[in-house]
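Some notes on the structure that comes next.
The structure presented is a predicted model; accordingly, all values stated were derived computationally and were not measured.
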Amino acid sequence: MSDYQAMQAELTGAIDAATDLDALEALRVAALGKAGSITGLLKTLGGLTPEERQVVGPQIHSLREGVTAALAARKAALEGAALEAKLANERLDMTLPADASPRGSVHPVSQVMDELAEIFADMGFAVATGPEIEDDWHNFTALNIPETHPARAMHDTFYFPEVGEGAAQRMLLRTHTSPVQIRTMMEKAPPIRIIAPGRVYRSDSDATHTPMFHQVEGLVIDRGIHMGHLKYTLETFLKAYFETDDIVLRLRPSYFPFTEPSAEVDVGYKQEKGRRIVGGNGDDDGHAWMELLGSGMVNRRVIANCGLDPDEWQGFAFGVGVDRLAMLKYGMDDLRAFFDGDLRWLAHYGFGALSVPTLSGGISA
Ligand code: DAH
């Protein structure tokens, strides 16, 4: 055995016997530190003849590599053992009773989305989802929103930076839930009945606008669908949601690129103690109309963009703000408070985890 091999055996033995990380570090410094034994040997290489160096060099380097590897292996073993010890030490007994009862509550937005899913499930609608990071085509083009449409202006839409030249298309934060219409029509064969609740984003912020808010989209595609189906569906939904049969709707002609014809839907309400109570005919004394949602018959071009034949398939769609629905039903007056995460607000307006909305048990039980 050469001197170097003997030295390596000795050092490795000491390393393997080190019982903690401090001892190991001391060994490392003694061998590989500035004044370490192996470092000293490496320094002697400079004073050797090239021939000597050719013989001794590889031996010293192999010594250094062997010791370095032994140090690393021992370090990993000691660290693993330390972690095991820590885990054993910090183990929590999950079967012990909690020392404080849980304080969480279900956010009104989540609760309302659950209410919507329940109401529409009863009418045969499934819940569909789509990505919040959307591409330009699904968010705009496929929905018949041309390049020049104001909705595309930078002040409304959060765009992602363009990634390189020839990138397929610009990505953005979806500005509405309508792209889920497109994704659903492209993925599933009609007949289609879905709602799509979710987050949407617009660069807009004041008392009634937050950069992130929630919408629910509705889409029905089938044969022979007409505006009567739309009105009936909305009436049924709003009666169940506001828990009153006294819902009167007013459909006003409007414009959305993705529907033709389009209708803005107003609902009658009256003002009571500074709050809007939904119900009644907006033309009656003490009542007024409030704009609630956008809707219409799905534009033939949108149906065709999704690869369906618009002569065979028709449908209606609608979109409504979920936060707005929650405010109207549960009486909050500032949208911004929805997203402040204030525990007092959440305790006041939040719902217990067990108050699950069901049609049989009462939607807002
Ligand atoms: N996407 C529209 C918006 O965000 C809302 C909307 C209007 C959705 C009409 C629809 C619709 O499905 O038919 O302002």
Mind running ring-ring contact (aromatic ring centres under 6.0 Å, His included) on H214 and F339 for me, showing each step along the way?
CA-CA 11 Å; H214 300 85; F339 311 119; 5.8 Å; yes
### Query
Do you see a donor-acceptor pair shorter than 3.5 Å between the side chains of T49 and E52?
yes
Task: Enclosure of L48 CG (heavy-atom neighbours >12, cutoff 6.0 Å) - done: yes
- prompt: Under 3.5 Å, is there a donor-acceptor pair between the side chain of S295 and the main chain of A263?
  reply: yes
Note to self: Using a strict threshold of under 4.0 Å (side-chain N to carboxylate O), is an ion pair present between D16 and R74?
What the structure shows: no
query: Side chains of Q215 and V320: does their closest heavy-atom pair fall under 4.5 Å?
result: no
Between S355 (side chain) and F351 (backbone), is there a donor-acceptor pair under 3.5 Å?
no
| said: One thing to verify: whether E25 and R28 come together as a salt bridge, which I'm taking to mean a side-chain N less than 4.0 angstrom from a carboxylate O. | reply: yes
| message | Looking at E312 and R223, is any side-chain nitrogen of the basic one under 4.0 Å from a carboxylate oxygen of the acidic one? | response | yes
- prompt: Are T141 and D136 side-chain neighbours, meaning at least one heavy-atom pair lies under 4.5 Å?
  reply: yes
Report task. Determine, for R301 against E260, whether the closest basic-nitrogen to carboxylate-oxygen distance falls under 4.0 angstrom. Result -> no
| message | Using only atom types and a distance under 3.5 Å, with no angle test, would you say the side chain of K270 pairs donor to acceptor with the backbone of A288? | response | no
Contact between L234 and L293 at the side-chain level, heavy atoms closer than 4.5 Å - yes or no?
yes
- [ ] Tell me, with the steps shown, if R250 and N281 meet side-chain contact (heavy atoms from CB on, under 4.5 Å).
- [x] CA-CA 9 Å; R250 182 175 77 173; N281 186 323; over 6 Å; no
Nearest heavy-atom contact between G130 and R183 is CA-CD, 4.4 Å
Salt bridge present between R336 and D334 (N-O < 4.0 angstrom): yes
Quick check: are there more than 12 heavy atoms from other residues, nucleotides or ligands sitting under 6.0 Å from CG of L354? no
Self-check item: Check: T39 side chain, K34 main-chain N or O, donor-acceptor pair, under 3.5 Å
Solution: no
In short, N305 meets A142 closest at the heavy-atom pair ND2-O, 2.9 Å
Tested for ring-ring contact (aromatic ring centres under 6.0 Å, His included) against F338, the lone hit among F213, W345, Y349 is W345
**Contact check, side chains of L32 and R64, non-hydrogen atoms, under 4.5 Å** = yes
Hits for salt bridge (Lys or Arg N to Asp or Glu O under 4.0 Å) against R199, two or more places apart or cross-chain, chain-then-number order -> E132
When every non-hydrogen atom of V180 is compared with those of A196, the smallest separation belongs to CG1-CB, 3.5 Å
* Do the side chains of I182 and W137 get nearer than 4.5 Å, heavy atoms only? -> yes
Quiz item: Judged by atom type as modelled, is there a donor-acceptor pair below 3.5 Å linking the side chain of T259 to the main-chain atoms of M297?
Solution: no
Q. Do R170 and E134 meet the salt-bridge criterion of a basic N to acidic O distance under 4.0 Å?
A. no
Would you verify whether the NZ or CZ of K329 falls within 45 degrees of the ring axis of Y241 while also being under 6.0 Å from that six-membered ring's centre? yes
| message | Is it the case that over 12 heavy atoms from other parts of the model lie below 6.0 angstrom from the CG atom of D285? | response | no
What one should report as the nearest heavy-atom pair of N139 and R174 is OD1-CA, 3.3 Å
> Is there a donor-acceptor contact under 3.5 Å from the side chain of D206 to the main chain of H209?
Replying inline: yes
* Asked: Short question: side chain of S203, backbone of F158 - any donor-acceptor pair under 3.5 Å?
  -> no
* **Side chain to side chain, L143 and P179, heavy atoms closer than 4.5 Å** => yes
Notebook entry, point to check: Under the side-chain contact (heavy atoms from CB on, under 4.5 Å) criterion, do L41 and L63 qualify, and how do the steps go?
Noted result: CA-CA 10 Å; L41 288 173; L63 165 63; 3.8 Å; yes
Can a donor-acceptor pair be found, under 3.5 Å and without considering hydrogens, that links the side chain of D135 to the backbone of M171?
no
Here the pair of heavy atoms bringing R275 nearest to L328 is NH2-O, 3.2 Å
Can you list the steps and then say if T208 with L335 is a side-chain contact (heavy atoms from CB on, under 4.5 Å)? CA-CA 6 Å; T208 53; L335 176 65; 5.5 Å; no
**Asked** Do D93 and T95 have side-chain atoms, one donor and one acceptor, less than 3.5 Å apart?
**Response** yes
When every non-hydrogen atom of R193 is compared with those of G124, the smallest separation belongs to CB-O, 3.6 Å
Q.
Is it the case that the side chain of D342 and the backbone of A337 share a donor-acceptor pair, with hydrogens and angles ignored and the cut-off at 3.5 Å?
A. no
When F258, F256, F120, F125 are each screened for ring-ring contact (aromatic ring centres under 6.0 Å, His included) with F318, the one that passes is F120
field: Exam field: side chain T12 to backbone Q8, donor-acceptor pair closer than 3.5 Å
entry: yes
Notebook entry, point to check: Considering only heavy atoms from C-beta outward, does the side chain of V220 approach that of H229 to under 4.5 Å?
Noted result: no
*Evaluate the criterion side chain to side chain donor-acceptor pair (under 3.5 Å) for residue pair T175 and D156; output intermediate values, then yes/no.*
CA-CA 8 Å; T175 56; D156 263 335; over 6 Å; no
message: Working note: D3 + M7, criterion side-chain contact (heavy atoms from CB on, under 4.5 Å); need CA distance, chi angles, decisive distance, verdict.
response: CA-CA 6 Å; D3 287 353; M7 191 172 163; over 6 Å; no
